[in-house]
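Please read the structure below before turning to the comments.
No experiment lies behind these values; they were computed from the predicted model shown.
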Amino acid sequence: MDTERYDTIRFEDRKFPFVAGHSSGNSRTQALLHEAIEIKYYIAGTSTLSVNSRTITASAGDIVIINPYEIHQNIRSERGDGEYLLLILGLDLLSGENGVNLRQKLIYEGIRFENHIRNAPYLPQLAEHIYEEYTNKAESWQCVVTALLTAFFQLLLRSYTAEGKSRAVDQSVFRYYSVLEPALQEIHNSYGNKLTVDDLARTCNISKFHFCRIFRQVTGQTVMEYTNQYRLRVADVLLRDTADSVEEIAAACGFASESYFCTCYKQQNGCTPMQKRAIYLKK
């Protein structure tokens with residue numbers, strides 16, 4: 001299974017854009033960005049991952065949904081070694097008669113599924129059945145997988161859409177995702193280094209003005225807002241999962257000083273890093 005970078009997922013059968021696999025690990029992975037939908041059903045252990053700069057810790061029984069064009073990656077964690085079933089499908093797989101038009105729902109209407117789902121009835125069993133059908137490839141397996149996926153997404157639409165709606169995505173934004181990908185990759189993979197707007201714009205081979213404009217259009221944030229938010233999400237994981245000092249975490253996450261890190265952290269979380277660590281230790 002190929003789950004590389006933006007728009008590079010290669011389905012074995014282009015007429016049936018679906019792939020499934022079994023994965024595990026708690027090591028850091030490259031940031032990914034693509035149009036396909038990912039479903040991760042955790043069957044053992046614990047994993048920490050980032051989805052659009054939101055940190056999620058998933059455990060056995062949880063389901064993580066990655067909507068189209070959401071930047072995601074696993075984050076190194078010492079809390080466990082998560083094991084999950086991975087289902088990836090193209091937006092047009094279920095668009096036939098009696099199916100679910102995911103492109104219409106997620107792209108044109110702006111609906112988003114909840115990223116982290118716990119204690120969901122039926123969904124884990126459906127995910128397991130889908131994986132088994134894909135793995136065994138018995139007679140008419142594609143028809144069965146289509147039916148099971150249709151039921152899965154109908155249940156998601158009924159009970160697990162995110163509050164409110166994202167704005168429907170302007171078609172021009174799709175082009176901007178690929179333009180911005182080098183900078184997004186740089187932020188997610190090199191957040192511990194000094195990052196400047198000028199340098200990030202250069203990685204995309206566009207002017208600083210154009211870069212800043214389309215970055216806000218795509219992410220809803222300025223470049224530095226997005227970068228610092230991501231750094232703080234990673235810092236939160238390190239506070240929870242390591243014994244590193246606040247000074248060490250600040251340096252590892254690319255903050256110029258411990259005091260600046262503490263100021264930014266308190267602004268975002270309403271408490272200091274040490275206060276948050278104390279909360280984690282009590283759990």
Heavy atoms only: give me the nearest L195-E186 pair and the separation to one decimal. CD2-CG, 3.9 Å
R112 versus L106, closest heavy-atom pair with distance: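 Nearest heavy atoms, R112 then L106: NH1-O, 3.4 Å.
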Which of these, [options], sits in a side chain to side chain contact (heavy atoms under 4.5 Å, CB included) with [X]?
{"X": "L102", "options": "L89, N67, L156", "result": "L89"}
{"X": "L180", "options": "I187, I214, I71, L200", "result": "I214"}
{"X": "Y160", "options": "N115, L155, I117, I63", "result": "I117"}
{"X": "E38", "options": "L86, L87, I65", "result": "L86"}

[X]: which residues meet the side-chain contact (heavy atoms from CB on, under 4.5 Å) condition with it, sequence neighbours left out?
{"X": "H116", "result": "R54, I56, A58, D62, V64, R118"}
{"X": "Q229", "result": "S53, Q221, R233, Q268"}
{"X": "A147", "result": "none"}
{"X": "A250", "result": "F255, F261"}

For [X], give me all partners under side-chain hydrogen bond (donor to acceptor under 3.5 Å, both in side chains), at least two apart in sequence or on another chain.
{"X": "T263", "answer": "none"}
{"X": "E133", "answer": "none"}
{"X": "Y226", "answer": "H188"}
{"X": "T135", "answer": "none"}

Which residue pairs satisfy the side-chain hydrogen bond (donor to acceptor under 3.5 Å, both in side chains) criterion with at least one member in residues 196-213, sequence neighbours excluded?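 As it turns out, the side-chain hydrogen bond (donor to acceptor under 3.5 Å, both in side chains) pairs with a partner in residues 196-213, which skip direct neighbours, are T196-D199, D199-R202, H210-R213.
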Considering only residues two or more places apart or on different chains, which pairs with a residue in residues 246-261 satisfy salt bridge (charged side-chain N to carboxylate O under 4.0 Å, His left out)? none
Any pair counted as salt bridge (charged side-chain N to carboxylate O under 4.0 Å, His left out), so long as it reaches residues 137-159, sequence neighbours left out: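 Found none.
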List in chain and number order the residues that pass salt bridge (Lys or Arg N to Asp or Glu O under 4.0 Å) with K276, two or more places apart in sequence or in another chain; answer none if no residue qualifies. D236
Geometric class of the F18/F16 ring pair [parallel <30°, tilted 30-60°, perpendicular >60°]: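 Answer is perpendicular, since the angle exceeds 60°.
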How are the rings of Y42 and Y84 set to each other: parallel, tilted or perpendicular (split at 30° and 60°)?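 The rings of Y42 and Y84 sit tilted, inter-plane angle from 30° to 60°.
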Euclidean distance, Y260 OH relative to C262 SG, rounded to 0.5 Å: 12.5 Å
Any donor-acceptor pair under 3.5 Å linking the side chain of D13 with the backbone of K15?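 Flag set: sc D13 to bb K15 pair under 3.5 Å.
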